[in-house]
Structure formats: C-alpha cells, structure tokens
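Below is one structure, written out as structure tokens; the observations come after it.
Values reported hereafter were calculated over all heavy atoms of this structure, with side chains retained and with hydrogens, waters and symmetry mates removed. Per chain, numbering begins at 1; letters A, B, ... match sequence-line order. Fair warning: this is a prediction, and the values are worked out from it, not measured in the lab.
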2 protein chains.
Amino acid sequence: MMADKITPARVSLEDVARLSGVSTATVSRVLNGSAIVRESRKTAVEKACKELGYVINRAARTLASRKSMTIGAVVPTLAIETFSRPIDAFQKIIHQQGYTLLLANSDFDMDTELNEVNKLLEYGVDALMLVGHTHHPQLWKRLQQHPIPCIQTFSIDPQRPAVGYDSILASQQLLQHLLALKHRHFAVIFGSPPSNDRLSERLEGIRQGLQHAGLSLAAENCIENAFTMNDARQAMFRLLDGPQPPTAVICGNDLLAFGAMRAAKERYLRIPNDISITGFNDYEFAEHLEHPLTTMRVDLAGIGRLAASYLLATLNGHPAESLSCVTPQLIIRGSTGSAPQ
Amino acid sequence: MMADKITPARVSLEDVARLSGVSTATVSRVLNGSAIVRESRKTAVEKACKELGYVINRAARTLASRKSMTIGAVVPTLAIETFSRPIDAFQKIIHQQGYTLLLANSDFDMDTELNEVNKLLEYGVDALMLVGHTHHPQLWKRLQQHPIPCIQTFSIDPQRPAVGYDSILASQQLLQHLLALKHRHFAVIFGSPPSNDRLSERLEGIRQGLQHAGLSLAAENCIENAFTMNDARQAMFRLLDGPQPPTAVICGNDLLAFGAMRAAKERYLRIPNDISITGFNDYEFAEHLEHPLTTMRVDLAGIGRLAASYLLATLNGHPAESLSCVTPQLIIRGSTGSAPQ
DNA sequence: TTGAAAGCGCTAACAT
DNA sequence: ATGTTAGCGCTTTCAA
C-alpha cells in the first residue's frame, strides 16, 4: 500500500548543522563529545538532532575516522552452550563500551574461519575474537596487514594473546581420576573434526596419560563424530557392542556424557558400578542428572568476559595481560566410581 | 618489537586499478561481478588484487551504494537455547547470501531493544530481526524513517511480518492435557519480566483456560522470576511449602521444568504420581530425563531459518509470506500423569 | 571556540 | 566495454 512511497532522503549531519545554524564540524564535535563546544550551541545542535530524528551514518564515520566501533568474533557455532555463553558475555561487555558485535561462524572449519575473518576485516572491525589457537596459515599474515588486536579463546598460546586453559592438562586430570579408580578400559566420545585443537589436545592428553600408565586407547573406542546428545547415545551403543567394551567413557562435553549415560541406562548398566562416565564444562544441568556428572568445570562466561576485557584494554591503549588462564576444575560426582572387578 | 612500525597505508581500490592498468570503475565492476568486463582485464584485476592483498573497504562501499550487506538482530539473550539456536540458524542462512550478522541483546528490556535497534540503524543494516511483537512505542516510527524489512519472531502479529506461533494456544494445549488428567491445583514457574510478550500470553492463556474450567491460579503459585534451572528449583520448594501446593506445575521452558523436577525429587515426591510437571520447547535432553518431559515442541532453528528466508526474499524483491506459523506440538511423556486423589 | 574544505574509498551515472 | 567524475556523510586538519 505504502510500498511505492519514495524513500525520504535520510537526514544528514549537514541538515542538523543547517537547522542549528552551525557548521558540520561543530555538529560533529557535539556528537563526539569534544568538550570545546560552547554550551549554547551544543544545546542547539542536540535540539536539532532530536527534531530531525537524526541518526548518524556509521559507514561515513568509519570511512572518515578509520574506526568502526565494531568488534568481530568468529566461533565454530552458537548452537552449543560452549560458545553461546562466552559470546553472550563477550557481547555484553563490549556493548558497555559502545562497541557492536559482528558475528560469524566457522563451523569448525579453518578455511571458513579465514573467509569470515577476511569479511570482518572488510567491515573494518577494530578488534577480533577467535576460538582456539590453530588457524589457517594465512590468517596471521592477514592480521598483520590489518593490525588490530586479536584475542584467542579456549586455548593458551605462548605466541599470541589468549584466554583459556591447558586442554592437555584438563583431560589428564580427568583421566587420573579415572585411573585412580582402577579403570583400565577406556573409550572417548568426542564431537569435533580434527581442526578443533582443544579436542585434539584433550585426546592427546588422554593418549599420553594412558601410555604413561602402560595402557592405550583402542581405535574402535575413539569416537570423534558425535555432536548431539543422540549421536553420543548411538556411539555408546556401538562402544558397548564393540570388541573392547570400556568401563570408563570420557566425553567431549556434558551433553554428550548425558547421551552416553542414557545409552548405558537403556542397556541396564549401573552407573557408576558397571560403567563410569565423565563430561566437560559443567553445564548447569550436570549436577542434577540422575547420576550427577563428574566433569571439568569451565568458566564459560568468564572466557568471554576476559576476552572482551583484553580487547577493550588494548583498544584503549592500556597494557593487558596477553595470557589469561581460566583453570578448569575437576568436579567429582556420582557418574564415576571404581572399576568393576 | 614491531609495535612501533608505522601502519602501512591500506591498499585501496585505486591501487588495484593502477597496478592492473584500468580505471577504478572497472575494478569495481570486477569486484561486484558485473558481467560486462572483458575477460583479460578481469583477470588482470584479480591478479592485482591478489598481489596487493587487497581487502575491500565496506564502509566506503556502504556509503556509496547505500547498502551494507549486513542484517541486524536483537534478541533478549544468547545464554539460553531458545535464542541461541534460532540465531545460529538465522546467521547461517544469511551468510550463504553474503550477509553478515550484527548482533545485539535486549536483556528482555524494551528500552534497551530500542537503543540497540537505533544503533543497528546507524550501522545501516539492510534488514532487521526482532523477538516478540511488543516493542517500544517509538520503534516502528524509527523503522518508518529507515524503511528496511523487519521480521518479528516467536510471535504472530496480524499487523506486521512475523514468524512464530500463538503462545496463548500453545499454553492452552498444555493446560488441556493437564486438565484432562483431572488436575485442579496449578502453579506456574516462568522466567521473564512482564515485557516478554510470549510469556505474558502464555500466562494469559493459562488464566483463561483455568477460568473456563472454573478454576484459577493463586497469586502465590505464579512465579515469574525464575531464569536458571536453580531458580526454578528454589521456586519449586517455595511452591511445595506454600499454602496451595500444586499437583501440576507448568514451566516456562524445559530447563526450568528440569529444575522443578529436581526439587520435587529432593522432596521425595513421585513424578508423575504425586506431581506433574511440563516444560516448553522440547530441548534435546527433554526426552532423556529420568522422567521424560511432557512439553511443547518448538522448531527453534526453523524460526531462525524462516525469519532469514523472509528477510532475504524481501531484500531480493521477491514476495514473501508475511506470516509464517511454526506450530508447536504437544509431546506427552512421563512427567505428567493423573492428578493424585 | 568555530568554520572551511579536503579527503576517507568506494559506486553509479554519464559519456564515450 | 570502459573511463571520468561527482558524490555518499562524516571527521579532521588548518586557519581564523
């Protein structure tokens, strides 16, 4: 009905200047809060802005000022709590300082990640948040051409700014707990492609730990493509029906662990008497499951918060710790127990 | 070490033009894929881009072309699946078409939402996704000044484009199920402030349904500030200790229902013999709980997908259904049963 | 404290 | 098919 109406010319800073009887430079000064504007003019400008319903054009501002007041983030996916929580926290912090979030997904793929980073660079993001510390070989080169602060999350990296934890260590703590319970037959249900460095490291940690104990992880007992709870459940069935049924199953996160438990239960296995299961992250529900989950607690929101703080500090020219450790904590609950005889 | 290095002048389209011996217009044409460029020049331009590591400046492009290739979204929070899932799906779809997501949080607050929309408008988003259909009174006025496609989600709205469902109906279906099981004493554990129209409507639906059945909801039995699983658990304790202990508890989402169940269990109540509990959304874990949850299944990702499709179609000048219904489905499981005698 | 004016890097007529 | 050029709407010297 009103679809044909001509788009009204957007009101510009010049319109404001005209109405308030000052130059565009002065309007700009008021908008940017430069203190050196006489009060009377400032008021006039503000009044004009209101009257005209002026909305600043950030593209123009970005072009002229060379800063966009946006921060980019690339995460594997938002569909799981592991990333939606940090992003939620991250976004809230940067917003407080006037920044807007440009968000992209990598889908756990390094090429995609690089592409998205490129696109964010095109948009002129002032800073960048990434997940993990292994990226496309070209990524750092790109970031060198466009030197903006960049923080990596979930990992620690001696080379570059990061906020996270030592995945190897974390997985080994879990393993030690299981080893101390005399488990000897292990399986792993993980959920990400090889490009996920955190998971690779956790797997590596487990392998090392097992080797150290004179044990090893059978190939059939190493599932690496379980993403949803139901995937994990199916994986668990396969494990139980496999040649080397485990007595302890280490899962990539609490949701996968829940799926594994579920399968165990459907097979009438007692937890933890017949089988022990561990998670990761300590999602909110973990302690409330029928068999409260033994897991590593990770401060997910904290990761987002620290990443944001690092970037903001750097953007403001303040020195910032280039490595923040968010140490996961072993939470022992009822889902793990002594290995069956 | 290299911190002092002068920032190299960013390579511009003009540099590319110079190196490849064509005009800036031609470079622009190549970049934008206009078919009317001779192959040889096109190749030359592409080569020059690569050589120089050219990255387009979107701010400049946006300013000149008046479209930003960004889409804005304002959601209450990403910390719960209800919104992180649709956003994940939404983002994936718009990316496929070359759009980038600008994301903001409203924190369930209409003023904040308006502010964020304003900011997104400043950034020149080409389209907008919102949650719910009740917004700040000024919101539509703003959007009239900046006429861009806008889709509302989770609600249906006869006035404006929306993809969602009838909250009143959804809650009443749940209620009917409970009523049919002879329940007469109800309680509600919800999690959002009054500005959440979906929840208000669901509450309204329950009130109406109860009234129709000659029943009512005691004020003490209507909890409206439970956001986390643990909040719900505490709320449940209060309910059970209150003057009107319910036999059926309707929760705002599956996580809250889980919390409520947990509390019931701690009080040694049998589910569903002593008490029935319902959720909403059918999160992945809902069917796998010790007492599988009766809930309304909502296609969360579908909402995001449809919202994206609507916006994309509209941006491409294609006609699009301005109202898509995503009908929630009643899933009856073991958490509900006949009212105790 | 203020204004004039020169860009920022691109696109989009328009001309050729 | 390609080049010329005039902006897009702001910020930022530089002068006054």
Name each donor-acceptor pair under 3.5 Å that joins a side chain in residues 100-113 of chain B to protein atoms two or more places apart or in another chain, with its distance.
from, atom 1, to, atom 2, distance (Å)
B:T100, OG1, A:K119, NZ, 3.4
B:S106, OG, B:F108, N, 3.2
B:D109, OD2, B:D111, N, 3.2
B:D109, OD2, B:T112, N, 2.8
B:D109, OD2, B:T112, OG1, 2.8
B:D111, OD1, B:H136, ND1, 3.2
B:E113, OE1, B:H135, ND1, 2.8
B:E113, OE2, B:H135, ND1, 3.2

Donor-acceptor pair, B:S324 side chain versus B:L306 backbone, under 3.5 Å? no

Go through residues 29-38 of chain A and report each residue with a non-hydrogen atom lying under 4.0 Å from DNA chain C, sorted by number. A:R29, A:I36, A:V37, A:R38

For A:T314, side-chain hydrogen bond (donor to acceptor under 3.5 Å, both in side chains) partners two or more places apart: none

Taking atom P of C:dG9 as reference, at what distance in whole Å does atom CD1 of B:I56 sit? 13 Å

Respond yes when some side-chain nitrogen or oxygen of B:R66 is under 4.0 Å from OP1 or OP2 of C:dA12, and no when none is. no

Heavy-atom count check: over 12 atoms from other residues, nucleotides or ligands less than 6.0 Å from A:Q97 CD? yes

Nucleic acid contacts of residues 45-52 of chain B, taken as heavy-atom distances under 4.0 Å to DNA chain D: none

Going by heavy atoms closer than 4.0 Å, what residues in residues 96-104 of chain B are next to DNA chain D? none

So side chain to side chain donor-acceptor pair (under 3.5 Å) across residues 16-27 of chain B, not counting sequence neighbours, yields B:D15-B:R18, B:S23-B:T26

Run the side-chain donor-acceptor check on residues 29-37 of chain B: report pairs under 3.5 Å with partners two or more places apart or on a different chain.
from, atom 1, to, atom 2, distance (Å)
B:N32, OD1, B:R61, NH2, 3.3
B:N32, ND2, B:S28, O, 2.7
B:N32, ND2, B:S28, OG, 3.3

Contact boundaries on DNA chain D for chain A, cut-off under 4.0 Å to non-hydrogen atoms: D:dG9 to D:dT13

Just by modelled atom types, is the A:L312 backbone N or O under 3.5 Å from a matching donor or acceptor in the A:Y99 side chain? no

List the residues meeting salt bridge (charged side-chain N to carboxylate O under 4.0 Å, His left out) with B:R58, not counting sequence neighbours, and say none if there are none. A:E122

Calculate the interatomic distance between A:L13 atom CG and C:dC8 atom C1'; express it in whole Å. 15 Å

Is there a donor-acceptor pair under 3.5 Å between the side chain of B:D126 and the backbone N or O of B:M69? yes

Starting at the 5' end of DNA chain D and moving along, which residue's nearest nucleotide shows up first, B:A60 or A:R61? B:A60

Counting neighbours of CD on A:E14 that are heavy atoms of other residues, nucleotides or ligands and sit closer than 6.0 Å, is the number greater than 12? no

Considering only residues two or more places apart or on different chains, which pairs with a residue in residues 35-50 of chain A satisfy salt bridge (charged side-chain N to carboxylate O under 4.0 Å, His left out)? A:K47-A:E51

Please lay out, stage by stage, how A:N118 and A:R142 fare under the test side chain to side chain donor-acceptor pair (under 3.5 Å). CA-CA 8 Å; A:N118 272 329; A:R142 262 280 180 271; 2.5 Å; yes

Would you say a side-chain N or O of B:Y54 is under 4.0 Å from OP1 or OP2 of C:dC10? yes

Flag, side chain of B:D197 to backbone of B:T134, donor-acceptor distance under 3.5 Å: yes

Under 3.5 Å, side chain of B:D88 to main-chain N/O of B:S84, donor-acceptor pair present? no

Quick one: list whatever passes side-chain hydrogen bond (donor to acceptor under 3.5 Å, both in side chains) with B:Y310, sequence neighbours left out. none

Here the residues of residues 21-28 of chain B within 4.0 Å heavy-atom distance, strictly under, of DNA chain C are B:A25, B:S28

